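Before any comments, here is the structure.
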Amino acid sequence: MSLAKPFNTRPLYQQVADEFIARIVSRAWAPGQSIENEAEIARSLGISLGTARKAFDILTEHKLLERQQGKGTVVTDFTTGKMRSRFSNIVDRSGERVSGEVEIGGVQLGVAPADAADLLQVNARTPVLQFERRRTHFGRPFMTEEVFLRVDAGARDLSQGELEQLAFARWSGHDLATHKRESVSAESATAADKRNFKLKEDTAILKLRRLICSYQDRPLELRFARVHLGSDLFYASA
């Protein structure tokens, strides 16, 4: 089987990595599944062992595959709490990453503001999925988010209910997120912050801008967040 396509100038090992990711997205390789070893994959695809190994290394580096003692190579299960919160820099007193309980509202398909469209690398007239997220930790609101999600053209034909499901599913089903770029600053709480976080006095609020990307550095989701850490949460820069 040849993975090379006409006019595809990308190295073969990256094309093989793309094939592996397509298998994970389609669930041909299911979460937690042990897959063939590098030699077997190389034979089935008609490629060299070195090429297969490089492709495996890419997915292992991005934590899409895990090498486990006694099991071989296993597809990462992104439904676990640890993996769901892997992009969060908010931690609790024990150092565990916190993503919180999530509520979503205001879901709509529309044109993103110019700055958001630029960061998502979409045409200024290309619709994106826009919604608000609210996160709580043991019942305490600690984060509000304005989210812009890059979606396929077929999203135009989805019902409101399907758009809401897409907001929860995010990029799963069409891509895999591997890394983020985040900036952080602080400012005094606004009147809206005081309402959202139930604050009675002036306090500092963190402003976060996070862009989540695929392993090819394709932007998938942009969010602008406001965070009240309180006394039980902390921001970890690493």
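All values derive from a computational prediction rather than experimental measurement.
- Closest of all the heavy-atom pairs between R140 and H228 is NH1-O, 3.1 Å.
- Across S48 and A42, no two heavy atoms sit closer than the pair O-CB, 3.8 Å.
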Quiz item: Does the pair E66 and V75 meet the rule for a side-chain contact (heavy atoms from CB on, under 4.5 Å), with working shown?
Solution: CA-CA 6 Å; E66 300 175 346; V75 180; over 6 Å; no
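- Formation of a donor-acceptor pair under 3.5 Å by the S85 side chain with backbone atoms of S99 is not found in this model.
- Closest of all the heavy-atom pairs between F78 and L64 is CZ-CD2, 3.3 Å.
- Across L65 and I24, no two heavy atoms sit closer than the pair CD2-CD1, 4.3 Å.
- Membership of the apolar cluster around F142 extends to I90, V98, M143, V184, L206, L208, V227, L229, L233, Y235, as traced through chained side-chain contacts below 4.5 Å between ILVMFWY residues.
- Shown here are the side-chain contact (heavy atoms from CB on, under 4.5 Å) partners of S94, two or more places apart in sequence or in another chain: D92, E96.
- The NZ atom of K54 lies 15.0 Å from the CG atom of L59; values are rounded to the nearest 0.5 Å.
- Note that CG of D157 and OG of S159 are 10.5 Å apart. Values are rounded to the nearest 0.5 Å.
- Going from atom CG of L176 over to atom CH2 of W171 covers 10.0 Å, rounded to the nearest 0.5 Å.
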Only distances under 3.5 Å count here; give the side-chain donor-acceptor pairs of residues 102-124 to other protein atoms, sequence neighbours excluded, each with its distance to 0.1 Å.
{"unit_1": "E103", "atom_1": "OE1", "unit_2": "R134", "atom_2": "NH1", "d": "3.4"}
{"unit_1": "N123", "atom_1": "OD1", "unit_2": "R125", "atom_2": "N", "d": "2.8"}

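- Electrostatic pairing of R170 and D175 does not count as a salt bridge here, judged by no charged N lying under 4.0 Å from a carboxylate O.
- Judged purely by atom type and a 3.5 angstrom limit, R97 has no side-chain atom pairing as donor or acceptor with the backbone of V91.
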Practice task
Could you walk me through whether R223 and R133 pass side-chain contact (heavy atoms from CB on, under 4.5 Å), step by step?
Solution key: CA-CA 9 Å; R223 71 98 189 262; R133 274 198 304 247; 4.3 Å; yes
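- Counting only N and O atoms by type, the side chains of E164 and Q160 include a donor and acceptor under 3.5 Å apart.
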- request: Quick one: do L49 and E38 satisfy side-chain contact (heavy atoms from CB on, under 4.5 Å)? Show the steps, please.
  value: CA-CA 7 Å; L49 179 59; E38 295 166 356; 3.8 Å; yes
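- Checking D57 against T60 by side-chain atom types alone, no donor-acceptor pair falls below 3.5 Å.
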Mind listing the side-chain donor-acceptor pairs of residues 28-37 below 3.5 Å, one per line with the distance, residues two or more places apart or on another chain?
{"unit_1": "Q33", "atom_1": "OE1", "unit_2": "A30", "atom_2": "N", "d": "2.9"}
{"unit_1": "N37", "atom_1": "OD1", "unit_2": "A39", "atom_2": "N", "d": "3.1"}
{"unit_1": "N37", "atom_1": "OD1", "unit_2": "E40", "atom_2": "N", "d": "2.8"}

- Message: Run the side-chain contact (heavy atoms from CB on, under 4.5 Å) test on F87 and R210 for me, step by step, so that the C-alpha distance in whole Å, both residues' side-chain angles and the decisive distance to 0.1 Å come before the verdict.
- Response: CA-CA 9 Å; F87 295 128; R210 184 183 70 188; 3.9 Å; yes
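- Residues passing the ring-ring contact (aromatic ring centres under 6.0 Å, His included) test with F56 are F20, sequence neighbours excluded.
- R93 and D232 are not joined by a salt bridge, as no carboxylate oxygen comes within less than 4.0 angstrom of a charged side-chain nitrogen.
- Between L199 and A189, the shortest heavy-atom contact is CD1-CB, 4.2 Å.
- The minimum heavy-atom distance between I58 and A17, with the atom names listed, is CD1-CB, 4.1 Å.
- Considering only residues two or more places apart in sequence or on other chains, E187 meets the salt bridge (Lys or Arg N to Asp or Glu O under 4.0 Å) condition with K207, R226.
- Under the 3.5 Å distance criterion, the side-chain polar atoms of E132 are left unmatched by any main-chain donor or acceptor of T144.
- For the atom pair CZ of R181 and CG of L211, the computed distance is 5.0 Å after rounding to the nearest 0.5 Å.
- Using a cutoff of 4.0 Å between basic side-chain nitrogens and carboxylate oxygens, R150 and E221 are not scored as salt-bridged.
- To the nearest 0.5 Å, the span separating CG on D18 from CZ on R23 amounts to 12.0 Å.
- S185 contributes atom OG, which lies 11.5 Å from atom CD1 of I205 (distance to the nearest 0.5 angstrom).
- Taking 4.5 Å as the limit, every side-chain heavy atom of F131 sits out of range of all side-chain heavy atoms of F148.
- Using a 4.5 Å cut-off on side-chain heavy atoms (C-beta onward), L149 and V128 make no contact.
- Within the 4.5 Å cutoff, no side-chain heavy atoms of P141 are placed close to those of R135.
- Tracing side-chain contacts under 4.5 Å through hydrophobic residues (I, L, V, M, F, W, Y), one never reaches L222 starting from V147; they form parts of separate clusters.
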